[in-house]
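Contents: one structure, followed by commentary.
When reading the values below, keep in mind they use all heavy atoms of this one structure, side chains included, and skip hydrogens, waters and symmetry mates.
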Protein chains: 2
Amino acid sequence: MKIDGIDKIIIKRLVNDARTPILTIAREVGISGAAIHQRLRKLEKSNLIEGYKLVINPKALGYTTTAFVGIFLDASNLYSSAIKRLKEIPEIVESHYTTGNYAIFIKIMCKNNEDLMHLLNKDIQNIKGVSRTETFISLDQQIDRQITN
Amino acid sequence: MKIDGIDKIIIKRLVNDARTPILTIAREVGISGAAIHQRLRKLEKSNLIEGYKLVINPKALGYTTTAFVGIFLDASNLYSSAIKRLKEIPEIVESHYTTGNYAIFIKIMCKNNEDLMHLLNKDIQNIKGVSRTETFISLDQQIDRQITN
DNA sequence: ACTGAAAGCTTCAAAAC
DNA sequence: GTTTTGAAGCTTTCAGT
């Protein structure tokens with residue numbers, strides 16, 4: 001799969017705003033809308049494009065607290081059962097199996113610090129195999145982007 | 001801003017695939033396409049919808065390593081100058097100012113472990129004020145989603 | 001790999017409920 | 001205030017180049 005300059009323009013525009021009209025891009029690069037469309041289909045089939053997503057503003061839903069939590073597990077064979085339980089907690093938006101101190105590392109979004117504390121002490125600490133957690137609350141996010149080339 | 005059942009269906013469908021035809025949703029809920037469209041405009045203006053993004057598959061671009069890096073700063077007033085430098089590193093996809101051990105906490109994506117090591121030792125360690133870093137490499141990601149209600 | 005045309009979808013304003 | 005209508009523009013598909 002090789003990507004030329006036109007593909008890069010298409011991707012750049014749509015990463016920024018997935019609703020940019022294809023005809024706008026077509027006129028910008030000087031080929032027909034159908035040609036742009038065919039390139040997009042090809043990029044989708046090549047697996048480079050994972051999908052198109054509406055991005056929600058969590059703050060508008062009252063989710064103002066973002067935190068990262070390192071989870072210690074008693075034994076690494078408890079990983080899959082713990083993940084199963086973590087998936088049931090909708091506030092957890094990412095989970096990773098990581099090298100280093102922690103077994104599981106999660107990103108979590110809550111409405112406030114009280115909710116975060118409750119999730120940590122009740123929902124997460126009570127999962128079988130979870131011995132301890134370490135929490136980093138995000139006070140400010142300055143970078144949020146994608147890899148695009 | 002109140003969100004009813006129809007709005008929830010619209011959001012659910014578009015979070016999953018932002019290219020779902022509005023008319024498909026319209027037929028599903030039994031109102032016209034234009035009505036769905038007007039609800040969307042309202043949701044956009046209400047700030048609930050942050051945008052529509054094409055999501056790229058980093059693996060297709062050769063980025064197979066994801067890591068989290070905690071960065072220690074000599075002094076907290078070096079934060080903004082450090083962020084300025086971190087923004088220049090395209091592999092850094094998130095940065096947070098966090099409570100806890102670290103001053104800055106980043107998510108980074110690299111093509112391989114060698115590139116990660118290079119970025120840590122050359123680009124990040126050489127930023128003024130950065131004294132030390134701690135790295136957690138993600139070996140497996142099981143959860144990746146958004147808050148939607 | 002690109003074009004052009006037909007069918008379906010989105011968008012916007014105005015009117016209807 | 002939300003919904004439908006209708007017209008213009010955009011997307012999608014496909015035969016043809």
Rounded to whole angstrom units, what separation is found between the [atom1] atom of [X] and the [atom2] atom of [N]?
X     : N      : atom1 : atom2 : result
A/Y52 : D/dT11 : OH    : C1'   : 12 Å
B/K2  : D/dG1  : NZ    : P     : 11 Å
B/D17 : D/dT11 : CG    : C1'   : 14 Å
B/I36 : D/dT3  : CD1   : C1'   : 11 Å
B/D7  : D/dG1  : CG    : C1'   : 13 Å
B/I31 : D/dT3  : CD1   : P     : 5 Å
B/L43 : D/dT2  : CG    : C1'   : 13 Å
A/E44 : D/dT13 : CD    : P     : 10 Å

Next on the checklist: Taking A/N149's backbone N and O only, do any of them form a donor-acceptor pair with B/Y63's side chain (distance below 3.5 Å, no angle check)?
Outcome noted: yes

Next on the checklist: Test your reading of the model: is there a side-chain donor-acceptor pair from A/E91 to the backbone of A/V93, 3.5 Å cut-off?
Outcome noted: no

Checklist entry - Ring centres of A/F105 and B/F105 under 6.0 Å apart? => result yes

Checklist entry - Can you tell me if the side-chain N/O atoms of B/K42 get under 4.0 Å from OP1 or OP2 in D/dG1? => result no

Next on the checklist: Quick test of your reading of the model: are B/D7 and B/K42 salt-bridged, counting only N-O distances below 4.0 Å?
Outcome noted: no

Checklist entry - For B/L139 and A/T99, what are the C-alpha separation, side-chain angles and deciding distance, and is it a side chain to side chain contact (heavy atoms under 4.5 Å, CB included)? => result CA-CA 7 Å; B/L139 302 173; A/T99 64; 3.9 Å; yes

Item to check | Single-linkage hydrophobic cluster, 4.5 Å side-chain cutoff, B/L116 and A/I143 together | outcome: yes

Item to check | Heavy-atom protein contacts under 4.0 Å, nucleotides 6-17 of chain C, coded B base, S sugar-phosphate only, - none | outcome: ---SBSBBB---

